[in-house]
Engineer: 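For reference, the structure I am asking about is given below.
Keep in mind that the numbers below use all heavy atoms, side chains included, and drop hydrogens, waters and symmetry copies. Chain identifiers are assigned alphabetically (A, B, ...) following the order of the sequence lines, protein sequences preceding nucleic acid strands; residue numbering begins at 1 within each chain. Remember, predicted model here, so these are calculated numbers, not experimental data.
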Amino acid sequence: MTAAHIVASGLGKRYGDQVALDGIDLLEQGGLITLLGPNGAGKSTLLRCLATVVTPDDGSLMVDGLDPRREPERIEIRRRLGYMPQDIGLIAGSRVFDAVEYIAVLKDHREDRRRRRAVSDVLDRVGLRDVAGERVERLSGGMRRRVGVAQALLGSPTLMVLDEPSAGLDPDERMRLREILTERRRSTTVFVSTHMTDEAAISDTVLVIAGGSIRFAGSPGRLAALAAGRTWVQTDLPPPDVRASWRLVDGRHRCLGRPPADAELVEPTLEDGYLLVRTAVSPSA
Amino acid sequence: MSQIVNQVRLDANWSAISAELDAPKASMAERLLGRLRVPGHIARLVVATPALRRAWYLAIGIAVLIGLGSARPDNPASVFVLLAIAPALPVLGVAMAYGRSADPMYEAQVATPMPGLRLVAIRTVTVLVVAILAVGVPALLASTTRSMAFAWLLPALALTSASLALMTWFPPRRATAIVAVIWFVGVVVARRVGPDELAAFGAFGQLGAAMVTAIGVAVIGARRSSFDRMEHAS
């Protein structure tokens with residue numbers, strides 16, 4: 001199976017008067033695509049549309065040429081999909097194995113032994129096999145998210161949609177997640193949302209979303225390069241017209257925007273590029 | 001040894017054995033369903049749906065109340081109470097077993113290839129079976145209710161199908177509330193204006209219930225796609 005081919009054109013979604021998505025266009029096949037954006041930017045809504053659980057009000061979405069608005073095609077897309085919602089919502093009292101096996105049943109793993117083996121395999125891959133018999137309420141936040149990743153990995157999906165999979169993970173867990181995502185992106189189109197800009201460094205494509213629109217699409221290197229020549233450090237308080245600034249541990253200020261003539265320019269990071277794009281959208285941010 | 005044993009097969013065997021060891025022991029309910037020849041994956045689905053547990057507790061709790069209420073053979077009102085409350089029981093059970101507010105795993109399961117309507121149907125049948133056992137058995141045991149022990153079944157099907165049909169437009173709890181209010185107002189009015197206290201459960205009532213069931217099933221079938229999306233399930 002090859003990675004899912006995603007074509008979205010003019011995707012729009014409203015909740016009452018609030019515009020959640022406003023004309024999103026996408027063309028992706030394979031690789032790791034990271035969605036960056038502030039709270040309420042539309043990341044989760046876009047991921048829900050890609051996961052076919054929410055129907056866009058405008059535009060079209062095709063996954064491998066299949067239209068999720070048609071029931072048989074939607075079911076076929078879901079056979080190829082691994083989805084982890086932002087709210088994992090594990091049910092108190094159930095065991096880790098049960099929580100994953102439940103989704104395995106819904107993913108058409110009917111034969112008992114094969115299903116248990118598939119569950120055991122994905123638990124092994126996310127490092128939860130040792131706690132397969134634990135009650136889910138005893139798990140840490142990071143472990144709960146790994147259960148969600150395990151559910152999404154079931155059935156070797158060619159499209160994975162993971163909403164903030166790294167939230168609450170400790171550094172070791174984040175490293176393991178990175179390994180899984182890096183491995184999967186060879187054969188899978190993986191969409192991941194995150195608030196942590198450093199998480200986007202391993203991705204093939206970064207999408208910066210704000211106000212329901214994509215404000216940047218490109219490689220992490222290109223995003224960081226946007227801030228080249230626009231990032232500097234200074235000892236004095238930053239002028240009011242900088243896009244963003246914050247105090248460093250050495251007492252100096254790191255600033256983004258139009259640098260003064262004598263500015264001490266520094267190498268920009270992914271975060272600098274992201275903040276520059278974000279503040280271009282919302283100057284008050 | 002490694003020359004005569006296929007390592008790949010050995011690994012696969014070990015993997016299968018350890019998967020069986022990882023799997024928790026089947027619960028009593030799951031073993032019971034297995035003996036009733038329910039396929040393993042369906043049994044897993046039923047017992048692993050914790051949202052159903054609340055529905056079962058509710059069904060059993062109300063059945064006990066109804067049993068106590070109908071234990072007075074000299075009080076014909078107890079039959080009315082039984083027949084008025086019993087059909088609403090599966091509806092409440094379904095509402096408590098379906099939707100975002102009832103089921104923490106709702107969003108993850110919507111994104112699976114299992115059609116939403118099929119999942120709802122499995123849960124509905126489970127709730128109906130539990131409700132039929134919970135209400136039917138006490139009704140059969142009480143002498144006053146024996147003749148009408150199953151008069152509530154068609155109304156129960158009607159309310160359940162009407163409720164599921166409304167769930168294609170409204171969130172489950174609102175749909176259930178609308179159906180429950182209409183039902184209780186209807187039976188109380190029928191009791192006052194009808195020829196006898198149990199008019200709502202007579203031949204005309206049963207015919208009406210059959211019609212509502214048929215219409216409800218038709219609407220559910222026509223609008224089944226809404227069970228595959230999150231929008232109406234808040």
Engineer: Shortest non-hydrogen contact from B/R229 to A/R74?
Structural biologist: NH1-NH1, 4.5 Å

Engineer: Tell me, side chain or backbone of A/R69 under 4.5 Å from chain B's heavy atoms, or both, or neither?
Structural biologist: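 Neither part.
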
Engineer: How many angstroms lie between OG1 in A/T52 and CG in B/D228, if you round to the nearest 0.5 Å?
Structural biologist: 8.0 Å

Engineer: If we define contacts as heavy-atom pairs under 4.5 Å, which of A/E71, A/Q86, A/K107 has the most with chain B?
Structural biologist: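 Greatest number of close heavy-atom pairs with chain B: A/E71.
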
Engineer: Check each atom of A/L106 against the heavy atoms of chain B and say whether the ones under 4.5 Å are side chain, backbone, both or neither.
Structural biologist: both

Engineer: What part of A/I77 gets within 4.5 angstrom of chain B, counting heavy atoms only: side chain, backbone, both, or neither?
Structural biologist: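 Neither; nothing under 4.5 Å.
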
Engineer: Strictly less than 4.5 Å between heavy atoms, which residues of residues 107-116 of chain B line up against chain A? Please order them by number.
Structural biologist: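 Residues B/E107, B/A108, B/Q109, B/V110, B/A111, B/T112, B/P113, B/M114, B/P115 are the ones that qualify, each having a heavy atom under 4.5 Å from chain A.
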
Engineer: Locate the shortest heavy-atom distance separating A/D112 from B/H41; write the atom from each residue and the value.
Structural biologist: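 Closest pair (atom of A/D112, atom of B/H41, distance): OD1-N, 4.1 Å.
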
Engineer: Would the number of heavy atoms belonging to other residues, nucleotides or ligands and lying under 6.0 Å from CZ of A/R125 be above 12?
Structural biologist: yes

Engineer: Heavy-atom distance under 4.5 Å to chain B: side chain of A/R110, backbone, both or neither?
Structural biologist: both

Engineer: Please state whether the side chain, the backbone, both or neither of A/E101 comes within less than 4.5 Å of a heavy atom of chain B.
Structural biologist: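 Side chain only.
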
Engineer: Do other residues, nucleotides or ligands put more than 12 heavy atoms under 6.0 Å from the CG atom of A/D130?
Structural biologist: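 At most 12 heavy atoms, drawn from other residues, nucleotides or ligands, come within 6.0 Å of this atom.
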
Engineer: Does CZ in A/R70 sit with more than 12 non-hydrogen atoms of other residues, nucleotides or ligands closer than 6.0 Å?
Structural biologist: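 Open: at most 12 neighbouring heavy atoms sit under 6.0 Å from CZ of A/R70.
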
Engineer: Return all side-chain donor-acceptor pairs below 3.5 angstrom for residues 148-160 of chain A, not counting sequence neighbours, or 'none' if the list is empty.
Structural biologist:
from: A/Q151; atom 1: NE2; to: A/A99; atom 2: O; distance (Å): 3.0

